[in-house]
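Predicted model, so just to flag it, every value in this text is computed and none were measured. Values below: every heavy atom of this structure, side chains too, minus hydrogens, waters and symmetry copies.
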Amino acid sequence: MLKGHRTWVFDNKPVIISTATVGGPFEANGRIADDFDLLHEDLWLGEDSYEKAHKVLLEEAMFKAMEKAGIEKEKVQFLIAGDLINQMTPTSFAARTIGAPYLGVFGACSTSMEGLALSAFITNYGGADYILTGAASHNTAVEKQFRYPTEYGGQKPPTAQWTVTGAGVALVSPKGDGPRITAATIGRVVDMGLSDPFNMGGAMAPAAVDTIEAHLRDMQVDASYYDLIVTGDLGKIGRNVSLDLLRQHGVKIEEERYQDCGLIIYREGQPVLAGASGAGCSAVVVYGHLLNRMKRGEFKRILAVATGALLSPLSFQQNETIPCIAHAVAIEYGGEA
């Protein structure tokens, strides 16, 4: 059901029946290492290119999510996923391995919640019994495409962020045990004229604020309705900017209730500058760390707002500004079947 201008409310409350997250060696030293299902000791993952390693991250997360749910891949009716590499080839190649009907989606770092929103919509209206959805990123593959190969050793400004090597996947079903998806607000493109690819947080903050405000307005609730509102990967800069904007717009929100996945994943002292980023950032934090905390009873309601910068290397070279977007999904957990 559409509520307000751009929010879907799911009367049947589709269920996240299982999740899985996979990370790399840098993530293994991070703050939420214990929440990963699998961690790798090197960035190559036994492959001969970083792009192939990127594909393996997603494959492993998908198979692990199915294993945890006791579901064979033949029962998965749709795969909805994406990544940041040209034409989303790592995800498409992983889809080749899974063999399920495939909807590739690109929302940059907002892809995880874009996929979850679409999965909930389809399952809510009887379109599928099992949908796999997720997103992945690989530090060196993404850095090579969007910035410089890591071997180059180029110095970055303090506004830059560290691309997560990780994949997060959810298995969504109309019924079962697990956190329930109650609503989703689809973001619109917001471009405030920023063009610096080393300040993604500052560019994406207005899009996050736009979607959060739209969600609260459409649902006719205030921010305190949620135990946690978490953005995707704004980092230090973007989180501070978005907090300022929310307050300027009259949205009352407590700082401890407003967190960012890009500031949760790594430890103090890891050289991540302004925080983490990448399509895998919100995917591993939400599907691993935060849902684990929900299941322990720490949160009953979360609004996950994944943020994305919709630029390409070509658009940057042509001096385009950075269009940004954010998609929000409301997740609740009460332990009921």
Side-chain angles (χ1 to χ4, degrees), residues 1-19 76-82 101 103-107 110-135 170-190 207-232 246 249 251 253 257 282-283 286-287 290-291 294 299-308 325-337:
M1 179 183 75
L2 181 67
K3 187 171 184 179
H5 183 61
R6 51 185 168 128
T7 298
W8 294 327
V9 175
F10 305 120
D11 294 333
N12 296 325
K13 298 181 180 179
V15 184
I16 301 172
I17 60 172
S18 72
T19 62
V76 175
Q77 286 142 327
F78 295 100
L79 168 63
I80 304 176
L103 293 168
V105 292
F106 179 80
S110 72
T111 297
S112 62
M113 292 304 109
E114 179 181 359
L116 189 60
L118 293 170
S119 300
F121 189 93
I122 293 169
T123 53
N124 187 74
Y125 291 104
D129 292 322
Y130 299 106
I131 297 180
L132 269 176
T133 186
L171 186 60
V172 180
S173 179
K175 58 186 178 180
D177 295 322
R180 293 181 173 269
I181 307 161
T182 58
T185 299
I186 305 304
R188 64 190 183 104
V189 173
V190 177
V209 170
D210 181 77
T211 298
I212 292 168
E213 289 183 322
H215 179 83
L216 299 178
R217 182 171 60 248
D218 287 351
M219 296 295 290
Q220 298 179 338
V221 297
D222 59 32
S224 64
Y225 178 80
Y226 292 101
D227 301 311
L228 180 69
I229 296 177
V230 61
T231 49
L246 286 167
H249 295 180
V251 177
I253 187 165
R257 286 179 185 258
S282 59
V286 173
Y287 292 148
L290 293 180
L291 291 193
M294 284 195 96
F299 305 121
K300 290 185 178 179
R301 300 188 185 105
I302 288 178
L303 184 66
V305 189
T307 45
I325 198 163
H327 302 294
V329 177
I331 303 170
E332 298 189 9
Y333 185 67
E336 72 276 11

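Here the straight-line distance linking atom OG of S119 with atom CG of N124 works out to 12.0 Å at 0.5 Å rounding.
Residue H5 places its NE2 atom among 12 or fewer non-hydrogen atoms of other residues, nucleotides or ligands, all under 6.0 Å distant. R257 CZ: more than 12 foreign heavy atoms inside a 6.0 Å radius. Surrounding NZ of K175 are at most 12 heavy atoms belonging to other residues, nucleotides or ligands under 6.0 Å away.
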Could you walk me through whether Y130 and V172 pass the side chain to side chain contact (heavy atoms under 4.5 Å, CB included) test, one step at a time? CA-CA 6 Å; Y130 299 106; V172 180; over 6 Å; no
Could you walk me through whether V329 and W8 pass side chain to side chain contact (heavy atoms under 4.5 Å, CB included), step by step? CA-CA 9 Å; V329 177; W8 294 327; over 6 Å; no
If you apply the rule side chain to side chain contact (heavy atoms under 4.5 Å, CB included), what do you find for L246 with I212, and how did you get there? CA-CA 9 Å; L246 286 167; I212 292 168; 4.2 Å; yes
I131 and I80: CA distance, side-chain angles, deciding distance, side chain to side chain contact (heavy atoms under 4.5 Å, CB included) verdict: CA-CA 7 Å; I131 297 180; I80 304 176; 4.0 Å; yes
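Side-chain contact check for T133 versus L79: every heavy-atom pair is 4.5 Å or farther apart. Under the 4.5 Å side-chain criterion, counting only non-hydrogen atoms from C-beta, L216 is not in contact with D222. Between K13 and I181, the closest side-chain pair of non-hydrogen atoms is not below 4.5 Å. Counting heavy atoms from C-beta on, the side chains of R188 and I325 never come closer than 4.5 Å. Contact of the T19 side chain with the L171 side chain is not registered, since no non-hydrogen atoms from C-beta on lie closer than 4.5 Å.
When atom types are taken as modelled, the side chain of D218 and the backbone of R6 share a donor-acceptor pair closer than 3.5 angstrom. Side-chain N or O atoms of S282 include none that pairs as donor or acceptor with a backbone N or O of G232 at under 3.5 Å. Judged by distance alone, with hydrogens and angles left aside, the side-chain atoms of N12 form no donor-acceptor pair with the main-chain N or O of P14 at under 3.5 Å. With hydrogens and angles ignored, the 3.5 Å screen pairs no side-chain donor or acceptor of T7 with any backbone N or O of G4. H327 places a side-chain N or O within 3.5 Å of a backbone atom of G187 that can act as its donor or acceptor partner.
Listed here is the closest heavy atom pair of S110 and A306: CB-O, 3.3 Å. Smallest separation of non-hydrogen atoms from V76 and P101: O-CD, 4.3 Å. When all heavy atoms are compared, the tightest approach of F10 to A120 is CE1-CB, 3.5 Å. Across Y287 and S112, no two heavy atoms sit closer than the pair OH-O, 3.6 Å. The shortest heavy-atom contact between V15 and P174 is CG2-O, 4.3 Å. Minimum heavy-atom separation, H249 to V209: ND1-CG1, 3.9 Å.
With sequence neighbours excluded, the residues satisfying side chain to side chain donor-acceptor pair (under 3.5 Å) with T231 are D260. Partners of F299 by side chain to side chain contact (heavy atoms under 4.5 Å, CB included), not counting sequence neighbours, listed by chain and number: D227, L228, L290, R293, M294, I302. In this structure A328 satisfies the side chain to side chain contact (heavy atoms under 4.5 Å, CB included) test together with T185, T211, L303, V305, sequence neighbours excluded.
Looking at R301 and E332, a side-chain N of the basic residue comes within less than 4.0 Å of a carboxylate O on the acidic one, giving a salt bridge.
The six-membered or imidazole ring of Y226 lies near that of H215, with a centre-to-centre distance under 6.0 Å.
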